[in-house]
Amino acid sequence: MEKPIASLKSVPTIKGKKQNLFFKRLIQQRTLALMCIPFVIWAFIFKYLPLWGWTMAFQNFKPARSFAEQEWAGWRHFRLLFEDSTFYRVLRNTLVMSSINLVLGFITAITLALLLNELKNVIFKRVVQTVSYLPHFISWVVASSIVLTVLSPDGIINLLLMKFHLIDTPVLWMGKGEYFWGILGATEVWKNVGWNTIIYLAAITSIDPSQYEAAEIDGANRFKRMLYITLPGLKPVIIILLIMNLGSILESGFEPQYLLGNGMNMDYSENLDIFVLKYGLGMGNFSLGTAAGIFKTVVSFIFLFSANFVAKRMGESRLF
């Protein structure tokens, strides 16, 4: 006599198994989960709860009115945003400055990490690391003051260029907009290159030392060991950081542009964050400022998911 077929209810589903596995791991790692609770609460209060304010972009928002009394405007402010020539100018500036910071940040940080890894003198290596890290801990107010002093008409840059007869008269560096992007890129590198090398140096320490020993036995010099062992070992970290940075491609910064910008270079220094500040608070057009902020967030999401999808299709490391 054949055995009766077991009922479907008695057969555990794949979804049920995954849920049981999740709760089992959660119980095993309950200490870490409890430690995360304050950060989850902080993220909810300061990152997700303020999203309610996005409704201002679809209203003719007036601060004195309650939510029920606000006049709804639909997509009007988004249309005004894309019809404004100023918006396209600040969008251009934002993309260019972000691209410059992205390229220079990656190249300089990876190069410095590779060079520091090759140093054999531990004391000299620590000194170089300390000197390169220090500018990161200087506030942008102080850093901007240093840059403005160095690039002033009687600053050290002009004095050196005149001493070597490269220029005849002092150059007003901060008065010419076409110089601003290069100055900002150099300032970002000076301030953050040392800090950005930390993660690459940490990744280098995880590379198996036996690979270097085998390459040295095979006759590979330092450059070849760097090229064929260290750089491939850094590849997963580089891709993950690249995806994360592409997700913030419209986050070119606020403080350096605001502090170094002036009326003479504003056509090149004004970015989306300053645009939001100017329209949102300066002119009281909260709805248009919120619409610009939403645009920036949506574009960042598109870049992030696109970069992650491309990395997945190529079989590389990815965020999710």
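Heavy-atom basis, side chains included; hydrogens, waters and symmetry copies ignored. Position 1 is the first residue of the sequence; numbering continues from there.
N192 and Y133 share no donor-acceptor pair across their side chains, judged by distance under 3.5 Å alone.
Screening residues 215-254 for ring-ring contact (aromatic ring centres under 6.0 Å, His included) gives F254-Y258 as the qualifying pairs, with residues at least two apart or on separate chains.
Counting heavy-atom neighbours within 6.0 Å of L34 CG, excluding the residue itself, gives a total above 12. When the shell of 6.0 Å around CE of M244 is examined, it contains 12 or fewer heavy atoms from other residues, nucleotides or ligands. Within 6.0 Å of CG on N221 lie more than 12 heavy atoms contributed by other residues, nucleotides or ligands. Within 6.0 Å of atom CD1 in I156, 12 or fewer heavy atoms from other residues, nucleotides or ligands are found, so the atom counts as exposed in its surroundings. Enclosure of atom CZ in F320 by more than 12 non-hydrogen atoms of other residues, nucleotides or ligands within 6.0 angstrom is indicated.
A continuous path of Ile, Leu, Val, Met, Phe, Trp and Tyr side chains, each step under 4.5 Å between heavy atoms, connects V147 with L160, placing both in one hydrophobic cluster.
The cationic group of K191 lies under 6.0 Å from the six-membered ring centre of W140 and within 45° of the ring axis, placing it in a cation-pi geometry. Figure legend: cation-pi geometry between R318 and F309 absent, as NZ or CZ is not positioned both under 6.0 Å from the six-membered ring centre and within 45° of its axis.
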Exercise. Would you sort out whether H136 and N196 count as a side chain to side chain donor-acceptor pair (under 3.5 Å), showing the intermediate values?
Key: CA-CA 9 Å; H136 177 78; N196 292 339; over 6 Å; no
Quiz item: Please walk me through it: do F78 and W54 pass ring pair (Phe, Tyr, Trp, His ring centres under 6.0 Å)?
Solution: CA-CA 12 Å; F78 288 94; W54 278 12; 9.5 Å; no
Quiz item: What's the verdict on side chain to side chain contact (heavy atoms under 4.5 Å, CB included) for Y268 and K176, showing C-alpha distance, side-chain angles and the deciding distance?
Solution: CA-CA 9 Å; Y268 293 83; K176 295 186 178 181; over 6 Å; no
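Note that CD1 of I240 is 7.5 Å distant from CG of N308, once rounded to the nearest 0.5 Å.
Taking the six-membered ring where tryptophan is involved, the planes of F82 and Y88 are tilted, since the angle between them lies from 30° to 60°. Ring orientation note: the planes of W173 and Y179 are tilted relative to one another, at an angle of 30° to 60°.
Between the side chain of D84 and the backbone N or O of L81 there is no donor-acceptor pair closer than 3.5 Å.
Considering W72, F61, F58 as possible partners of F67, the one that fulfils the ring-ring contact (aromatic ring centres under 6.0 Å, His included) test is W72.
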